[in-house]
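Both counts, for ligands and for their atoms, begin at 1 and track the order of listing.
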Amino acid sequence: MLAIRTRRLFDGREMHHDQVVIVEDGRITGVTADVPATVDLGDATLLPGLIDCHVHLAFDAGHDVVGTLELPGLADRMRSAARQHLAAGVTTVRDLGDRDYLALGLGLGPEGPEILSAGPPITTPKGHCWFLGGEAAGEQGVREAVRERAARGVHVIKMMVTGGEMTPGTHSHLVQYGPAELKAAADEAHAHGLPITGHAHCAEGIAHAMEAGFDSIEHCSFFTEDSYVVDYGLIARLAASDVVVSLTAGLAPSPVPPPPRIQQRIAGIAEALRAIRAAGADFVIGTDAGIGPPKPHGVLPYGAEMLVEQGYAPIDVLRSITSVAAGVCRVGERKGRIAPGFDADLLAVAGDPLSDITALRRPLAVFRMGRRAQGTTG
Ligand SMILES: [Zn+2]
């Protein structure tokens with residue numbers, strides 16, 4: 001049995017003080033002030049392990065993430081990427097761009113985060129990220145692609161609604177699929193009990209995904225051909241809908257800046273973040289960890305920081321990367337909260353993240369199913 005005491009405890013919803021969390025057999029069995037601690041972490045805050053809703057374990061955050069895919073040892077590199085998330089306190093990751101379903105079989109157990117995977121994202125022939133192996137066209141084609149993924153045991157369906165920046169010949173400001181294909185994919189996913197999320201950079205793609213019944217939308221960055229135009233009317237519709245916006249927040253310090261086409265749009269990305277907050281839309285963070293040098297695996301604490309810098313309330317940000325993310329990932333009955341019956345995936349950080357969100361970057365201890373992760377022995 002473990003009994004972990006910290007000065008503060010964020011349970012996934014609210015902050016409490018001077019509680020002891022009791023862990024037995026990998027699960028939380030009690031939260032109380034009345035038992036002696038076996039681990040006293042002092043002036044720290046205990047949180048549910050964090051959840052990054054959008055990562056790419058197959059990408060190594062280097063200069064040529066697509067070329068590197070072809071090198072031998074991809075599964076081992078993915079295991080090491082997964083361990084980097086865990087060391088940063090990210091105990092659950094949702095992989096939205098796998099290759100050959102590798103993320104489903106890494107077999108790390110409690111030595112890595114829990115990995116939820118979409119398999120290869122569904123995309124048009126030679127469309128965005130076609131090299132991951134998920135090309136499908138037409139209503140029948142996308143339905144078959146969803147069925148194949150469901151049979152493989154994926155946890156979510158990911159569909160490339162628009163083009164993307166990293167795939168030559170595709171365009172972020174243009175849609176790849178028509179509304180009928182999007183609706184066919186969403187209906188098929190839901191028939192299999194799976195959520196579906198869409199990669200969408202332009203307003204038309206965001207609107208189509210929302211209208212097709214997608215559960216969440218990645219990026220929502222409002223790119224146009226040369227720049228950006230934040231569509232406030234569409235954001236109001238998103239906020240009134242059940243769709244959760246997965247914000248691509250988080251940039252770690254890096255000598256290599258983001259690509260020029262992204263840099264030109266940084267002001268637009270920030271404006272969209274502020275507009276989404278002001279409209280009150282439901283949100284989580286999906287960092288896109290792995291896609292380039294400013295997006296190393298484990299970058300999620302920087303995403304939380306970026307949202308606070310853009311005016312988000314720290315408590316809302318903490319909820320978004322714990323309990324809200326668990327719900328979006330359909331693991332809300334066992335992840336994202338500190339309460340009896342939940343998995344003992346826990347993160348202790350020095351200080352108080354409500355007064356200083358950068359505290360999330362200072363993990364003292366990470367527990368995964370009750371086991372303390374290596375390298376977090378503070
Ligand atoms: Zn991505």
Side-chain angles (χ1 to χ4, degrees), residues 51-62 64-66 68-69 74 77-78 81-82 84-85 90 92-103 113 115-124 127-135 149 154-168 170-173 176-177 195-202 205-206 209 214-223 244-252 258-259 261-262 265 269 272 283-300 302-303 306 325 328-329:
I51 301 174
D52 191 334
C53 291
H54 182 158
V55 309
H56 297 274
L57 296 177
F59 293 156
D60 70 353
D64 180 17
V65 297
V66 180
T68 313
L69 283 175
L74 179 57
R77 292 198 300 281
M78 292 172 71
Q84 285 178 52
H85 282 283
V90 181
T92 301
V93 295
R94 185 155 90 157
D95 191 308
L96 293 185
D98 193 10
R99 191 177 216 214
D100 300 334
Y101 299 95
L102 285 174
I115 298 169
L116 308 169
S117 176
I122 299 173
T123 192
T124 50
H128 180 42
C129 285
W130 62 270
F131 43 80
L132 293 173
E135 294 168 291
R149 282 157 184 73
V154 302
H155 305 88
V156 56
I157 298 297
K158 162 86 176 292
M159 196 160 183
M160 299 302 200
V161 178
T162 71
E165 294 296 321
M166 68 190 295
T167 311
T170 79
H171 302 283
S172 291
H173 66 286
Q176 300 196 139
Y177 284 110
I196 182 167
T197 194
H199 156 109
H201 279 301
C202 68
I206 296 165
F214 278 48
D215 300 280
S216 53
I217 303 178
E218 310 298 316
H219 312 307
C220 288
S221 31
F222 296 99
F223 288 176
V244 178
V245 180
S246 180
L247 302 168
T248 317
L251 291 173
R261 283 178 51 82
I262 297 292
R265 291 166 171 77
I269 292 167
F283 68 94
V284 291
I285 300 180
T287 61
D288 234 346
I291 57 160
K295 296 275 192 183
H297 293 285
V299 70
L300 181 58
Y302 288 97
M306 183 185 278
V328 167
C329 294

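The side chain to side chain contact (heavy atoms under 4.5 Å, CB included) test applied to A200 returns V161, T162, I206, I217, not counting sequence neighbours. In this view, D60 satisfies the salt bridge (charged side-chain N to carboxylate O under 4.0 Å, His left out) rule with no residue, not counting sequence neighbours. Every residue meeting the salt bridge (charged side-chain N to carboxylate O under 4.0 Å, His left out) condition with R99, not counting sequence neighbours, appears here in chain and number order: E70.
Counting heavy atoms from C-beta on, the side chains of H297 and L57 come closer than 4.5 Å. No side-chain heavy atom of V156 sits under 4.5 Å from any side-chain heavy atom of L116. Between T124 and W130 there is no side-chain heavy-atom pair separated by less than 4.5 Å.
The number of protein N, O or S atoms lying under 2.8 Å from the Zn ion (ligand 1) is 3.
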